[in-house]
Amino acid sequence: LPNREEEAEAALRKAVELDPKYSFAWGNLGELLRRLPNREEEAEAALRKAVELEPTNSFAWGSLGELLRWRPNREEEAESALQKAVELKPEDAWAWKSLGALLWRLPNRQEAAEMAVRRAIEINPNDLWAWGNLGHFLAERPRRVEEAEAAFAKALEIDPKNARIWSSFGFFLACRAGQSGRAEAALRKSVELDADSTKTLRNLGVLLVCEGDNETEGARFIRRALQPDVNDPVSPTVATAILAACVRGSETSDELLSV
């Protein structure tokens, strides 16, 4: 339940106090802490305790892998944990999806990443984020753009009100020749659903300015995305640099959209 994290943590800590060998309580505690800000070390300790007590606890292995894949220089440990999770529970779509996301960031592992996310989709065809990840993966591979668009379309079919997927789809279209109109529509839809996404505001602004059809509105979107921080003297400079680069010509758009 939302806003009940403190109660949940207290209950789980009581459970492991009463039974220090209760692997699944340690795993649930670790998963809870993993989702809380700045609790990574505590989360890792709890999850490692869970798999130490019960090496076949696939949930704890998957949660540990998901935690480690976001931490710098922990990719090998993350992969090992996620591989263990899917080995113990081959029907765990979440672990397959996480494994795919990890592998995609590693050198020369793109085929394995695609296989992993497709396995997640095979298990759960309505997994919104698995389809979204597949769209991202295919968009970056040569001659796979039609498949990428189909994957994004499937994600939007599952949840047509998901601002992040509309944003990703808009970015994908903006990087394709002749698709600026569709890209603008997708990014505007994302802003309509989530007016506070700085990445989407920036991408829409860059697109509008670089296309040259609506530079004033585009500049407003960019400034909204890059509101100067009074505590950061670099912030206004960054905003000015992006605006200046935009007006140099549309050839800069792909580079700026990926900033």
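Any value given below was found using the heavy atoms of this structure, including those in side chains, with hydrogens, waters and symmetry copies removed.
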Carefully, step by step, assess Glu192 and Arg188 under the rule salt bridge (charged side-chain N to carboxylate O under 4.0 Å, His left out). CA-CA 6 Å; Glu192 175 188 323; Arg188 285 188 184 276; over 6 Å; no

Decide whether Trp94 and Leu134 are clustered together by the hydrophobic rule: side chain heavy atoms of Ile, Leu, Val, Met, Phe, Trp, Tyr closer than 4.5 Å, transitively.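 In one cluster: no.
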
Hydrophobic clustering (ILVMFWY, side-chain heavy atoms < 4.5 Å, transitive) - are Leu47 and Leu53 grouped together?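 No.
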
Quick one: does [X]'s side chain get under 4.5 Å of [Y]'s, heavy atoms only?
X	Y	value
Arg74	Glu44	yes
Asn203	Leu207	no
Val191	Leu201	yes
Lys161	Trp166	no

Lys/Arg-Asp/Glu bridge criterion (N-O < 4.0 Å) met for [X], [Y]:
X	Y	result
Glu17	Arg13	no
Glu91	Arg119	yes
Arg71	Glu77	no
Glu147	Arg141	no
Glu5	Arg39	no

With a cut-off of under 6.0 Å to the ring centre and 45° to the axis, is Arg164 in cation-pi contact with Trp129?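 Judged by the rule (NZ or CZ under 6.0 Å from the ring centre, within 45° of its axis), Arg164 counts as positioned above Trp129.
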
For the atom pair CZ (Arg69) and CG (Leu103), what is the distance rounded to the nearest 0.5 Å?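 Between Arg69 CZ and Leu103 CG, I get 10.0 Å after rounding to 0.5 Å.
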
Parallel, tilted or perpendicular: which one describes the rings of Phe172 and Phe152, with boundaries at 30° and 60°?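 Rings of Phe172 and Phe152: tilted, as their planes differ by 30° to 60°.
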
